[in-house]
Amino acid sequence: MAEAADFQGTSASPARRWLRRTGALLAGAPLLAGLLQLPAAAPAAAASGDPVSVALDSMSPNAPTDGDTLTVSGTVTNNGKQAVTGAHVGLRVGPILNTRSGINDVAQHPDELQGVSGSEVGDKYAQKFAKLAPGVAEHFSISVPVDKLDLGANGVYEFGVALSGQTSAQPWQQVLGVQRTFLPWQPSDADTRTRTTVLWPLLSTVHMTAKTGAGELQTPVFLNDDLAKELAPGGRLDQMVSLGKDLDVTWVIDPDLLASVDAMASGNYRLQGEGDTTVAGPKEHQALAKQWLASLQKAVVGKEVVALPFADPDLASLAHRGTSVTGSLSHLKDATDVAATTVKTVLHVTPSTDYAWPVNGAVDPSIMRVATSAGADRVIARSDSLQETAGLSYTPSAARPVGGGTTAVVADAKLSTAFEGDLTKAADSTLAVQEFLAQSLEINAQTDQQRSIVVAPQRLPTAAQAQAMAAAVRALQGGTWSQAQDLTAAAKAKPDPSATTRIPSTSAYPTYLRRQELPASAFEQIARTQDKLDDFQVILSDQSRVVTPFGRAINRGMSTSWRGQSDDGDAFRNGVEGWLDDLAGQVRLIDKSETKLSGRSATIPVTVQNNLVQPVGHLVLRLTSTQPTRLKIGGKAYYEQPVDIAGGHAQSVKFTTSANANGRATVIAQLYTEDGQEYGAPVTFDVKVTEVTPTVMLVIGGGVLLLVLAGFRMYTQRKRAAARQAGEGGAGTAGEDSDGPGNPEAPGDRLPEESDSAAGADDPEQPSDPAPDTAPESTDPSGTGERVDR
């Protein structure tokens, strides 16, 4: 145990030599065991209590060849409580690693002192420190010609940077800190190069809402201004474009990102504020968006571009929780159809839409069915999902025919996950790059058969992760064992007959991924929103103003970016449905109070309000009497009339009614679409019928009869008087006026004046007729206790 901290290439310390001599002199003495145990405890204390951390910030070049000079730089930090003296940083070349699992083992424990192997290159290529004070970080930089490393055969070598020194508690030279990584060594071109496809994902989270302004340009409303931060210099999306433009990669793009940036570049975009308020987006962000799009357009020239379905729908969630909801798969088809159009419009390139990419490349039979249901015949899977079962000693090519004309393009799991985690520190980034290159070289060394390997990294790399990815891809492009290849070529490559093609069962789907899936309620809400949109759009004169923004918002509601963000996803989908309800509610019936009907027939007006900016039509207004025996509409139980209303206007629709009996009748007004679907909420009101009663009619009839009899009596009396006068005139003087002063006319004997009968002939209105309740053809909404037109 005393030698546990010794390493090859270091001499024994004076203390240990003294202990060995003492042990030899005191052999057999009872105290020997105790004396020999003293130095054994010391290294353990040094390793756990006084460690020195070594950070390897850079290696250049990452994969050296003959004639190169390797430069290694970083920092050493004394994390103990005692100063380290006589310290130096040295380089160690360990054994060649012949397997991918061997590389994994080193990568899992890069700073374990017990794992250090290999001898130091030499004092000439070391950096010395007289003293390392506790808590102080010291920078180092060492350059060594590659030919001094004594590298042998081609392959991956374990490579370590170690700090040796001593403390007052342990006054002998020992390794106090180490950082192990890998040195890929392929000085000349490999006999067979691996064809490597690297996907360069250009995706983001959801940024746009369903809301748009009322103007001709339909100003978009964004959830927040996070997209501008990603586009700004140094931002995540800025780095993805600026780094990717010089790499031989296949661009994998979410069209929703392009649509969002394009909307921002058009200017006048707005940001969602408190409640229903919005605020204008900063003008300078418009320039950011324009510049980013221009850079991207240049970056993709001559490169393969793969367009994912719009908003990158979560295929696994759809397969596991959405297919039971009617219409869910149609949204995937719609998202796929619009993808190519969006990319071509914004980037002026024609993308491939043949690929589906489930989260983390995890597949099962249901995911494969959903992924290919919208027309994609190639599914990007990953080797930790579609695992090899034939015990192959090498990594097979990516393409796997899995039946039904579908190809699973299986990305290598280790290469694809090499750049996950926090890579903001240079040391972490450097280790990730070196491990990636080591795995790539080891794949190439497995067999002399040429293979096609695919790297599908995480969907949303950070800026630091993107920089590490770019460094690794640049090293591959300048290396001697790999050549770039686009995704389509990899998918069409000859498959390995020994590679597995069996899709894992649904039960094999990773539990941690299943927990992140969108709930079934999300797809139910999406279906409900789509139904409302279908009902709403049929009444619009310009459907595209509503169908396009809401269709894309529905796609965003099932985006992969909501994984693990259930509250945010629910809030987004609620916002889409709520905004659609608000818009649909802008076309509605105006409430009515009780209406009074005083007569056998009258006209009842019902007002329809359109607060949208566009005209609406294809609507029918139905007025229904719930008591048709008392009140009929248009001569029957209900009557319908078409409705067409200009934007921002109201229309009063008049219905002719007839009353058969007195009392109160309930009437229901309801809008319908032309296909018979109810639109909006009904309006219910009462009609109070005050029709003239039979008793009153008898009284009026009796009065009229009395008037007729009185007139007849007056007529007969006049006739008798005229006859009498004629008899008297015959006995009198000839030419004497019968109505002369000597015989005045008695009151009541004169016939009615001619003017009276003429007036009665020209005016049909009788004294018993009531005055009209309202002005004819009134367009005003009915009020409380309103009367209606007769």
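In this text, all values refer to a predicted model and were calculated from it rather than measured experimentally. Along the sequence shown, the residues carry numbers beginning at 1.
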Just verifying a value: how many Å separate L315 CG and L332 CG, rounded to the nearest 0.5 Å?
6.0 Å

Heavy-atom pair with the smallest gap, counting every atom of P642 and Q651:
O-NE2, 4.5 Å

As an exercise, state the distance from CG of L518 to CZ of R573, rounded to the nearest 0.5 Å.
5.0 Å

Between L293 and A265, the two heavy atoms sitting closest are CD1-CB, 4.2 Å

Would you say CD of E274 has more than 12 non-hydrogen atoms from neighbouring residues, nucleotides or ligands within 6.0 angstrom?
no

Distance in Å, T673 OG1 paired with D535 CG, rounded so as to fall on 0.5 Å steps:
6.5 Å

Please check if the side chain of N610 supplies one atom and the backbone of A646 the other of a donor-acceptor pair under 3.5 Å.
yes

Taking the side chain from S625 and the backbone from L631, do they hold a donor-acceptor pair closer than 3.5 Å?
yes

Taking ring pair (Phe, Tyr, Trp, His ring centres under 6.0 Å) as the definition, give me every residue that meets it alongside Y639, ordered by chain and number, with sequence neighbours left out.
none

So, K229 and D226, do they make that salt bridge, N to O below 4.0 Å?
yes

Just wondering, do D238 and L231 contact through their side chains at under 4.5 Å, heavy atoms?
no

Closest non-hydrogen atom pair between P549 and A210, with its separation
CB-O, 3.8 Å

Start with the C-alpha gap between Q525 and D570, add the side-chain angles, then the distance that decides, and say whether side-chain hydrogen bond (donor to acceptor under 3.5 Å, both in side chains) holds.
CA-CA 9 Å; Q525 184 174 29; D570 289 342; over 6 Å; no

Any N555 side-chain heavy atom under 4.5 Å of D334 side chain:
yes

Do other residues, nucleotides or ligands put more than 12 heavy atoms under 6.0 Å from the CG atom of D276?
no

Just do the side chain to side chain contact (heavy atoms under 4.5 Å, CB included) check on L203 and L460 with the steps written out, would you?
CA-CA 6 Å; L203 298 86; L460 303 176; 3.9 Å; yes

Does a donor on one side chain and an acceptor on the other come within less than 3.5 Å for D225 and H207?
no

K290 atom NZ, over 12 foreign heavy atoms within 6.0 Å
no

Give, for atom OG1 of T626 and atom CG of D686, the distance between the pair rounded to the nearest 0.5 Å.
8.0 Å

Tell me the closest heavy-atom pair linking T219 and R270, and the distance in Å.
CG2-CG, 3.9 Å

Report yes if the side chains of D377 and T372 come closer than 4.5 Å at any heavy-atom pair, otherwise no.
no

Donor-acceptor under 3.5 Å (R563 side chain, L513 main chain)
yes

For the rings on Y509 and H320, is their centre-to-centre separation under 6.0 Å?
yes

Roughly how far, to the nearest 0.5 Å, is NZ of K298 from CG of L347?
14.0 Å

Please check: side-chain N/O of W562 versus main-chain N/O of R556, any donor-acceptor pairing under 3.5 Å?
yes

Test S544 against every option in L540, D542, V547 by the side chain to side chain contact (heavy atoms under 4.5 Å, CB included) rule and name the one that passes.
D542

Return yes if a side-chain donor-acceptor contact under 3.5 Å exists between E304 and T250, otherwise no.
yes

Out of Q670, Q641, E640, which residue meets the side-chain hydrogen bond (donor to acceptor under 3.5 Å, both in side chains) rule with R622?
E640

Taking it one step at a time, do D314 and V359 satisfy side chain to side chain contact (heavy atoms under 4.5 Å, CB included)?
CA-CA 7 Å; D314 191 336; V359 172; 4.2 Å; yes

Side-chain heavy atoms of V346 within contact of V261, under 4.5 Å:
no

Can you tell me how far apart CH2 (W292) and NE2 (H285) are? Round to the nearest 0.5 Å.
15.5 Å

Tell me, please, which residues at least two apart from W357 pass ring pair (Phe, Tyr, Trp, His ring centres under 6.0 Å).
none

With no hydrogens and no angle check, is any side-chain donor or acceptor of K211 less than 3.5 Å from a backbone partner on T278?
no

Looking only at side-chain N and O atoms, does D534 offer a donor or acceptor that is under 3.5 Å from a partner on Q530?
yes

With a sphere of 6.0 Å drawn around CD of Q614, does it hold more than 12 non-hydrogen atoms of other residues, nucleotides or ligands?
yes

Can you name the closest pair of heavy atoms from A307 and P255 and give their distance?
CB-CG, 4.4 Å

Is a salt bridge present between D256 and R552, judged by a nitrogen-to-oxygen distance below 4.0 Å?
no

Are I668 and L623 side-chain neighbours, meaning at least one heavy-atom pair lies under 4.5 Å?
no

I'd like to know whether NZ of K303 has more than 12 heavy-atom contacts from other residues, nucleotides or ligands below 6.0 angstrom.
yes

Determine, stepwise, if the pair D581 / K532 fulfils side chain to side chain contact (heavy atoms under 4.5 Å, CB included).
CA-CA 8 Å; D581 288 340; K532 292 180 178 180; 3.1 Å; yes

Distance-only donor-acceptor check, side chains E230 and S204, under 3.5 Å:
yes

Is the shortest heavy-atom distance from the side chain of L619 to the side chain of E674 under 4.5 Å?
no

Check P233 against L288 and note the closest heavy-atom contact, atom names and distance.
CD-CD2, 3.9 Å

Side-chain (S266) to main-chain (D262) donor-acceptor, under 3.5 angstrom
yes

Would you kindly say whether N268 and K283 are connected by a side-chain donor-acceptor distance under 3.5 Å?
yes

Backbone N or O of G322 within a donor-acceptor pair of the S328 side chain at under 3.5 Å?
yes

For the backbone of Q543 and the side chain of Q537, can you confirm whether one donor and one acceptor N or O come within less than 3.5 Å of each other?
no

Judged by atom type as modelled, is there a donor-acceptor pair below 3.5 Å linking the side chain of W200 to the main-chain atoms of M240?
yes

Pairing donors with acceptors under 3.5 angstrom, does anything connect the side chains of Q609 and N611?
yes

Can you check whether W579 reaches T209 side chain to side chain, under 4.5 Å on heavy atoms?
no

Going through the distances and angles, do L199 and I380 end up as a side chain to side chain contact (heavy atoms under 4.5 Å, CB included)?
CA-CA 10 Å; L199 306 187; I380 302 171; 3.9 Å; yes

With the side chain counted from C-beta on, respond yes when L227 and M264 share a heavy-atom pair under 4.5 Å apart, and no when they do not.
yes

Does a donor on one side chain and an acceptor on the other come within less than 3.5 Å for Q627 and T666?
no

Backbone N/O of L621 and side chain of Y679: donor-acceptor pair under 3.5 Å
no

Donor on one side chain, acceptor on other, D486 and T488, under 3.5 Å:
no

Distance-only donor-acceptor check, side chains Y355 and R378, under 3.5 Å
yes

